[in-house]
There are 2 protein chains.
Amino acid sequence: MIRIANKHDGAAIHDIASSIKVFSAEEVTCVDELWEESVSIGSELSGYYFIVAEEDGALLGFACYGPRALTTGTFDLYWIAVDQRKKRGGVGRQFMQQSEKDIARLGGRLIIVETSGKAEYAPTRAFYEGIGYQKEAVLKDFYAPGDDLVIFTHKLI
Amino acid sequence: MIRIANKHDGAAIHDIASSIKVFSAEEVTCVDELWEESVSIGSELSGYYFIVAEEDGALLGFACYGPRALTTGTFDLYWIAVDQRKKRGGVGRQFMQQSEKDIARLGGRLIIVETSGKAEYAPTRAFYEGIGYQKEAVLKDFYAPGDDLVIFTHKLI
């Protein structure tokens, strides 16, 4: 079941982020910071919307999205993370479907997904391509020398 | 003369941002917010570095840059703004030279400039191309339908 996150999900979200092998310590801290801001002032004011996947009372993963400043209707999908130890087929796609539905409801028309060009992110890139997201731009050496930024986009309308 | 901004420059920076015809009210507010954060907790903690151009005791313009989160050595050049009423030849280029020098000193290796693909931004895009920045990506309809994001990059090392 995908549902809106509530303040009791913080520890599990941190735990899931920490379980993702390709997430650096800095990225886990970034998840924590977005979560704290989202909980303390709410999704609308913070611009960070968290949803979680729950099964038998345990969280399987989370996703976070929000509107991009200075745009009309463009949303970033910041993270989709599924616990590597409890991985279930289809949870990633369920997160995408729910995120797209939520973003459309919030007035979104364009979704941006930023990911890495590194080899260990090949499954991530294949996932977005597999659901029809368009690889629209690559910025060479963006994250670090040899680590490109790959930007996928998806039009909702 | 290009110098580091100090807390007394806030009103002039707001005034200059307001004088830029292509800046929306939302963009002026964004400049104000970045400035407030930079002044209240400092450039290093906020990640927003402001420099200004001063001539005969009056500010001609400002620039703002800072490191991009989750990258190693990538910096955003957020704004370069020169007062439309006091426009001087070469101030834009002086801002670029100083920003590049400062960013290199802060450990930067790659500069990102994001601008609009709209017709009224053609002089802005020509400016960056003229100083050798590379147009590396375009995201269609990013800012709004018909208003693309154009990303220029420049390698420092």
Side-chain angles (χ1 to χ4, degrees), chain A residues 17 20 22-34 37 45 47-48 64 67-76 78-79 107-118 121 133-157, chain B residues 17 20 22-34 37 45 47-48 64 67-76 78-79 107-118 121 133-157:
Chain A
I20 309 291
V22 292
F23 280 13
S24 66
E26 199 185 353
E27 285 171 308
V28 174
T29 302
C30 185
V31 169
D32 290 342
E33 284 170 0
L34 267 54
E37 202 168 330
L45 275 179
Y48 303 127
C64 176
R68 174 77 70 110
L70 304 178
T71 71
T72 304
T74 296
F75 278 66
D76 285 294
Y78 296 108
W79 320 92
R109 57 174 180 82
L110 181 66
I111 299 178
I112 306 283
V113 180
E114 298 186 346
T115 191
S116 163
K118 282 205 293 189
Y121 277 89
Y133 277 50
Q134 193 180 340
K135 181 176 159 181
E136 199 170 350
V138 175
L139 296 187
K140 293 291 289 175
D141 303 320
F142 176 84
Y143 290 111
D147 188 356
D148 304 340
L149 167 65
V150 182
I151 305 176
F152 289 91
T153 62
H154 179 66
K155 285 192 178 179
L156 290 176
I157 49 172
Chain B
I20 309 290
V22 293
F23 281 12
S24 66
E26 199 185 354
E27 284 170 309
V28 175
T29 302
C30 186
V31 170
D32 290 343
E33 285 171 358
L34 266 52
E37 203 169 330
L45 274 179
Y48 303 128
C64 176
R68 174 77 71 108
L70 304 180
T71 72
T72 303
T74 296
F75 277 66
D76 285 295
Y78 295 109
W79 320 92
R109 55 173 181 84
L110 180 67
I111 299 179
I112 305 282
V113 180
E114 299 187 344
T115 192
S116 163
K118 281 205 293 189
Y121 278 90
Y133 277 50
Q134 192 180 340
K135 182 175 157 181
E136 198 170 351
V138 175
L139 296 187
K140 294 289 290 176
D141 303 320
F142 176 84
Y143 290 111
D147 187 356
D148 303 341
L149 167 65
V150 182
I151 304 177
F152 290 92
T153 61
H154 177 66
K155 286 192 179 183
L156 293 175
I157 50 173

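Below, read A as the first sequence line, B as the second, and so on, with proteins coming before strands; counting in each chain starts at 1. Just so we're clear, the structure is a prediction, and the values are computed from it rather than from any experiment. What you see below is based on every heavy atom in this structure, not just the backbone, and it leaves out hydrogens, waters and symmetry mates.
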B/Ala69, B/Pro145, B/Cys30: which one forms the most heavy-atom pairs within less than 4.5 Å of chain A?
B/Pro145
Between chain B and each of A/Leu70, A/Val138, A/Thr72, count heavy-atom pairs under 4.5 Å; write down the option with the most.
A/Leu70
Do any N or O atoms from the side chain of B/Thr74 and from the backbone of A/Phe142 form a donor-acceptor pair under 3.5 angstrom?
yes
Proximity breakdown for A/Leu149 and chain B, heavy-atom pairs closer than 4.5 Å:
neither
Relative to chain A, which of B/Arg109, B/Arg68, B/Lys140, B/Gln134 shows the most heavy atom pairs under 4.5 Å?
B/Arg109
So which of A/Thr71, A/Ile112, A/Thr29, A/Ile151 has the biggest tally of heavy-atom pairs under 4.5 Å with chain B?
A/Thr71
Option in B/Leu110, B/Asp141, B/Asp147, B/Thr153 with maximal non-hydrogen atom pairs under 4.5 Å from chain A:
B/Asp141
